[in-house]
Amino acid sequence: MDVAFAEIVEDKVRLDDRQTRRFRRLLSGWYRVHARKLPWRGNVDPYRTWVSEIMLQQTRVAAVIEHYSVFLEKFPTVVALALAPEADVLAVWSGLGYYRRARMLHKAAQFVTKELGGVLPRTSEELRTLPGIGEYTCAAIASIAFGESIAVVDGNVERVILRLMGRPEDATAAGKTYVREIAASLVPAKRVSLRIDEASDFHAKINASGDHNQAMMELGATICLPKAPLCLNCPVYALCLTRGEHRTLPRGKQTSRPAAYLLALRKDGTATEILLERRPDEASLMAGMFEIPPLPMDAVEGMEPMLRLRHAITNTNYYVQVFGDLPGLRSSLVVAEQDLSWVRTSKLTEIPLTGLTRKVLKRLGVIAVKV
DNA sequence: AAATCGTGGAC
DNA sequence: TGTCCAAGATT
């Protein structure tokens, strides 16, 4: 390691004790006033905190809100989740993406049910051993549900800290360690209480570390925005070294691709059925999930689709065309017969559809516009 | 360590 | 039909 690099690594600027206390005070005061009302806030069930944290991984709040309550109505407890077939879990997860999360949450629920009597562990260290729970999520659940004094570091917290301390984004191990250390220095000690004022029927749950962590993320999500931060509304503006500057690493390139799908419907008595294709279990993407059958682009050359839409998958924007069951089109399907099945449209909410198929069917009114 | 895994809102 | 990127985990 060259000398210059060593010096940079050792140059750990850190808030002193007085600044740290001030930071906490300013942040918590702001959070009490500005915290968004979200469905998983104020909840007292660790299972619900767990579900919310898994759903929120790399996923926008708005998308989670659409699925959170439906998921909990269907699987109200760890045991209920553990007993459900995986396909049912995926069906409710449909549209949220990163389906491995649903599979691992399901597996973890089965472990908790069988081995732990259906009771979720109470420490970050034990939570960390469950499938789907990594460094961020174990800290989030432990602090929010159980008051443990441990820092969470998500994308928001990282950005807030880098701007606060005047550091550029840094994907190396040293960079991550730096952010973790600063985050840890800011978390208050464990302090949990339930304050109830009988006269006014006012009650407030106090959880110093859990609220601090949520406040850090809330600050990043609503004030310390990636592009145009709202510094003039920032509670810790006075302590911030950069006041908005954020040097980020270059991103991967986006690409665009065309895609075509077949929407084939038929009547069975009064019921309507739709032709779906099951993706192979070996598929790296959305294995075992159902979608309307893909069509080769050359089979639809020059034809007019019934629907056009964009569908983004990681770095690819798919510009999708959906075609009705026109003569000859079905013969251009490339899949094996046994991977195709006719499904009653009334049962579609019970089936693990891919996000794209779910979106298409909603847009065309084949399934009701609800989750 | 770097790639992989979904999606959609915002601009 | 361009780009960014969000309460990450796993391999």
Side-chain angles (χ1 to χ4, degrees), chain A residues 35-36 38-41 49-68 90 93-105 107-108 127-141 143-144 151-160 169 171-176 183 210 213-222 224-228 246 248-259 279 283-287 289 291 297 308-321 352-360 362-363:
Chain A
R36 290 167 294 177
L38 299 174
W40 45 91
R41 295 228 167 116
T49 303
W50 179 21
V51 170
S52 73
E53 288 303 336
I54 300 297
M55 285 189 173
L56 284 161
Q57 289 169 4
Q58 294 286 287
T59 304
R60 296 185 188 278
V61 164
V64 174
I65 289 175
E66 288 179 26
H67 288 81
Y68 179 71
L90 289 171
W93 206 271
S94 171
L96 260 183
Y98 287 136
Y99 297 98
R100 184 171 58 185
R101 293 182 296 172
R103 293 186 162 103
M104 290 188 297
L105 176 61
K107 286 269 186 292
L127 288 163
R128 180 70 178 78
T129 67
L130 297 174
I133 297 185
E135 194 173 348
Y136 161 79
T137 306
C138 73
I141 299 173
S143 67
I144 295 169
V152 307
V153 179
D154 74 334
N156 289 310
V157 174
E158 180 181 16
R159 185 173 59 254
V160 167
E169 196 173 285
T172 67
K176 297 293 174 196
N213 282 332
Q214 294 192 76
M216 288 290 282
M217 295 190 280
E218 191 82 352
L219 187 65
T222 65
C224 196
L225 304 170
K227 289 226 181 94
H246 186 220
T248 59
L249 271 22
R251 311 288 159 187
K253 290 236 181 298
Q254 298 281 113
T255 60
S256 298
R257 286 176 53 185
R279 298 174 59 84
S284 68
L285 213 58
M286 299 170 277
M289 298 185 71
E291 62 184 353
M297 282 310 294
R308 294 174 194 271
L309 52 82
R310 184 190 76 141
H311 189 69
I313 301 288
T314 53
N315 286 326
T316 305
N317 281 321
Y318 289 94
Y319 288 88
V320 174
Q321 305 182 87
L353 302 173
T354 67
L356 170 59
T357 290
R358 182 171 170 276
K359 184 161 68 179
V360 167
K362 272 170 65 173
R363 191 108 25 128

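Hydrogens, waters and symmetry mates play no part in the numbers below; they use all other heavy atoms, side chains included. All chains are named by letter (A, B, ...) in the order of the sequence lines, taking the proteins before the strands, and each is independently numbered beginning at 1.
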> When the nearest nucleotide of DNA chain B is assigned to A:L285 and to A:K227 on a heavy-atom basis, which residue is associated with the more 5' position?
Replying inline: A:L285
>> Any N or O donor-acceptor pair under 3.5 Å from the base of C:dC5 to the side chain of A:R60?
In response: yes
> Does any donor atom in the side chain of A:N213 or A:S143 lie under 3.5 Å from an acceptor atom in the other side chain?
Replying inline: yes
> Taking atom P in both C:dT11 and B:dG6, what distance in whole Å separates the two?
Replying inline: 14 Å
> When you measure from the side chain of A:T357 to the backbone N and O of A:L353, does any donor-acceptor pair fall under 3.5 Å?
Replying inline: no
> Which whole-number value in Å describes the distance from A:M104 CE to B:dT4 P?
Replying inline: 17 Å
> Any Lys/Arg nitrogen of A:R41 or A:E218 sitting under 4.0 Å from an Asp/Glu carboxylate oxygen of the other?
Replying inline: yes
>> Mind checking if A:I54 touches a base, just sugar-phosphate, or nothing, with heavy atoms under 4.0 Å?
In response: nothing
>> Here's a test of your reading of the structure: between A:S284 and A:N317, which maps to the more 5' nucleotide of DNA chain B?
In response: A:S284
> Roughly how many Å is it from CG in A:L225 to P in B:dC11, rounded to a whole number?
Replying inline: 11 Å
> Looking at B:dG6, does its base get a donor-acceptor pair with the side chain of A:T354 below 3.5 Å?
Replying inline: no
> Considering only C:dG8, C:dT1, C:dT3, which nucleotide approaches the side chain of A:R310 most closely?
Replying inline: C:dT3
>> Taking only side-chain N and O atoms of A:H311, does any of them lie within less than 4.0 angstrom of OP1 or OP2 on B:dG6?
In response: no
>> Looking at every heavy atom in both A:I54 and A:G132, which two are closest together, and how far apart are they?
In response: CD1-O, 3.6 Å
>> With rounding to the closest Å, how many angstrom separate the P atoms on C:dA7 and B:dT4?
In response: 24 Å
